[in-house]
S.K.: 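The structure is given below, and queries will be raised subsequently.
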Amino acid sequence: MVRRIDVSGSGGVRLAAWEFADPPKHPCREGTGGPGAVLLLHGLMGRAAHWAETARWLSGRHRAVALDQRGHGRSERPADGPYTRDAYIADAQAAIESLDLAPAVLIGHAMGALTAWQLAARRPDLVRALVICDMRASALGAATQREWGEWFRSWPVPFATLADVRKWFAEGDPTLERPRPARGDYYAEIMAERADGWRPAFSRRQMLQARETYAHDAHWEELALVQCPTLVVRGPDGELGRAEAQEMVRVLPRGTYAEIQDAGHLVHYDQPEGWRQAVEGFLESALRA
């Protein structure tokens, strides 16, 4: 079953939250979802549907809800934003509170992971445990913003077919060092059919605006304020290096580390079984504690 739930985010922005399976038959005692409820936050350019497989296996024990963040998926894309850190954090808080998920497990990928740990630092009462997937705590830098702008301009839009989308992002993208079939599937999910072909379902200008608000700053201080059990997950070919990931674990008061072999930035797409084993093992330990 797929169920959409509309949520009012910061400033009244309409957000779409999704359940991709039936909620557990025996929810925990606190709130609708109980302390084992999960909120899944996708990365920049992503959408809630990227978590569909993860949400389905989580739903055996948890109420798992994935959020289309502002500017993404079926959520509202206000022309003037804001697309700030405060707005994304407030949206996640609104989803937890309006859906009665607290205290929730937050699972975030890339930008979604940053939102998750910033919320956990600010509102520890709302977060029971945290999974950070391939997001750096160090500043990404101004040069990366220019590189992203150039990368967006390199996209050969419109794509004639979804097969063309998959092929370009899996093989043709000049930023790739080697083919990654799962990457093609990931990007096919964020395209929409228009009169002239397939184009991004989001505004690339807005994506750069959202990235601008976190690319120039380091986020170590907020990471150190996260008190709940936290798993830092990376793949050897991802954006987060091993040394930085291990330093993040050291900074976190209750941090643990997992490395998924043969995975890149899209860990949950590249190696879904390895991702599942790491997350399930962590949650079993963290929620029991």
Side-chain angles (χ1 to χ4, degrees), residues 2 4-7 9-10 13-21 37-59 62 64-77 83-85 87-96 99 101 104-120 127 130-136 148 169 182-192 200-204 206-211 213-214 231 233-235 238-240 263-272 275-276 279:
V2 178
R4 171 177 169 168
I5 311 166
D6 285 336
V7 174
S10 176
V13 171
R14 180 190 51 77
L15 305 173
W18 302 85
E19 291 180 296
F20 293 98
V38 179
L39 181 66
L40 298 133
L41 299 173
H42 60 74
L44 188 70
M45 302 182 297
R47 60 183 302 177
H50 283 149
W51 291 119
E53 182 176 348
T54 297
R56 288 186 178 112
W57 53 255
L58 281 169
S59 68
H62 312 273
V65 178
L67 182 67
D68 275 334
Q69 297 176 79
R70 62 175 57 211
H72 298 76
R74 296 298 180 90
S75 288
E76 191 176 352
R77 297 187 284 275
Y83 295 99
T84 62
R85 287 286 82 222
Y88 281 107
I89 295 163
D91 287 346
Q93 177 178 330
I96 291 172
L99 298 175
L101 302 178
V105 175
L106 298 185
I107 299 179
H109 175 245
M111 182 191 75
L114 176 59
T115 299
W117 90 59
Q118 288 178 321
L119 178 57
V127 184
L130 173 65
V131 178
I132 296 170
C133 182
D134 207 57
M135 180 62 194
R136 298 172 58 186
W148 269 66
F169 284 100
R183 190 172 184 265
D185 294 335
Y186 182 94
Y187 279 92
E189 290 279 351
I190 56 175
M191 296 290 161
F202 49 81
S203 162
R204 286 172 283 180
Q206 291 176 350
M207 296 300 100
L208 287 174
Q209 287 178 348
R211 193 176 187 276
T213 66
Y214 63 84
L231 175 67
V233 184
R234 66 176 291 274
E239 303 294 328
L240 176 61
H265 179 57
L266 307 176
V267 176
H268 50 308
Y269 264 62
D270 288 337
Q271 296 295 334
W275 162 253
R276 178 174 181 172
V279 172

S.K.: How many angstroms lie between CG in Leu44 and OH in Tyr214, if you round to the nearest 0.5 Å?
M.R.: 4.5 Å
S.K.: Check whether the side chains of Arg85 and Gln118 place a donor and an acceptor atom closer than 3.5 Å, and report yes or no.
M.R.: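 Yes, a side-chain donor-acceptor pair sits under 3.5 Å.
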S.K.: Check Val267 against Gly235 and note the closest heavy-atom contact, atom names and distance.
M.R.: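 Scanning both residues, the minimum pair turns out to be CG2-N, 3.9 Å.
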S.K.: Could you go through Met45 and Tyr187, starting from their C-alpha distance and side-chain angles, then the distance that decides it, and tell me whether this counts as side chain to side chain contact (heavy atoms under 4.5 Å, CB included)?
M.R.: CA-CA 9 Å; Met45 302 182 297; Tyr187 279 92; 3.5 Å; yes
S.K.: Find out whether Phe169 and Ile190 are in side-chain contact, i.e. whether some heavy atom of one side chain is under 4.5 Å from a heavy atom of the other.
M.R.: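 Heavy-atom side-chain distance check fails, nothing below 4.5 Å.
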S.K.: What heavy-atom pair brings Ala64 and Leu40 nearest, and what distance separates the two atoms?
M.R.: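 Closest pair (atom of Ala64, atom of Leu40, distance): CB-CD1, 4.3 Å.
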S.K.: Working to the nearest 0.5 angstrom, can you tell me the gap between Tyr88 OH and Leu119 CG?
M.R.: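 Interatomic distance, Tyr88 OH to Leu119 CG, rounded to 0.5 Å: 15.0 Å.
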S.K.: Donor-acceptor pair, distance only, cut-off 3.5 Å: does the side chain of Asp68 make one with the backbone of Arg47?
M.R.: no
S.K.: Please report the interatomic distance CG(Leu106) to OG1(Thr115), rounded to the nearest 0.5 Å.
M.R.: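 Between atom CG of Leu106 and atom OG1 of Thr115 there are 10.0 Å.
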S.K.: Indicate the atoms forming the closest heavy-atom contact of Ala92 with Leu39, along with that distance.
M.R.: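 Minimum heavy-atom contact is O-CD2, 4.0 Å.
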S.K.: Nearest heavy-atom pair of Asp270 and Ala182: which atoms, and what distance?
M.R.: OD1-CB, 3.6 Å
S.K.: Starting at CD of Glu53, measure out to CZ of Arg56 and round the result to the nearest 0.5 Å.
M.R.: 8.5 Å
S.K.: Testing the basics here: between Glu189 and Tyr269, what is the closest heavy-atom pair and its distance to 0.1 Å?
M.R.: CG-OH, 3.9 Å
S.K.: Is there a side chain to side chain contact (heavy atoms under 4.5 Å, CB included) between Val38 and Thr54? Walk through the geometry before answering.
M.R.: CA-CA 11 Å; Val38 179; Thr54 297; over 6 Å; no
S.K.: Does any N or O in the side chain of His109 come within less than 3.5 Å of the main-chain N or O of His265, such that one atom is a donor and the other an acceptor?
M.R.: yes
S.K.: I'd like to know if the side chain of Asp134 reaches the main chain of Leu240, judged simply by a donor and an acceptor atom lying under 3.5 Å from each other, with no hydrogens or angles considered.
M.R.: yes
S.K.: Identify the two heavy atoms, one from Ala17 and one from Val7, that lie closest to each other, and give their separation to 0.1 Å.
M.R.: CB-CG2, 4.2 Å
S.K.: How long is the span from the CD atom in Gln69 to the CG atom in Leu15, to the nearest 0.5 Å?
M.R.: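 Those atoms lie 9.0 Å apart.
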S.K.: Drop me the distance from Gln209's CD to Thr84's OG1, to the nearest 0.5 angstrom.
M.R.: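 Answer for the CD-OG1 pair, Gln209 versus Thr84, is 10.5 Å.
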S.K.: Is there a side-chain contact between Trp51 and His268 in this structure, where contact means two heavy atoms from C-beta onward sitting under 4.5 Å apart?
M.R.: yes
S.K.: For Arg276, does the CZ atom sit with more than 12 other heavy atoms under 6.0 Å from it, leaving out its own atoms?
M.R.: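 Above 12, so yes.
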S.K.: Under the side chain to side chain contact (heavy atoms under 4.5 Å, CB included) rule, what do Thr213 and Tyr83 come out as? Steps first, then yes or no, please.
M.R.: CA-CA 8 Å; Thr213 66; Tyr83 295 99; 5.8 Å; no
S.K.: With distance as the sole test, does Ser10 use its side chain to make a donor-acceptor pair with the main-chain N or O of Asp91 at under 3.5 Å?
M.R.: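 Side chain of Ser10 to backbone of Asp91, a donor-acceptor pair under 3.5 Å: no, none is there.
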S.K.: Taking C-beta and beyond as the side chain, do Phe202 and His72 meet within less than 4.5 Å on heavy atoms?
M.R.: no
S.K.: Quick one: does any side-chain atom of His50 pair with a main-chain N or O of Tyr186 as donor and acceptor, under 3.5 Å?
M.R.: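 Side chain of His50 to backbone of Tyr186: a pair is present.
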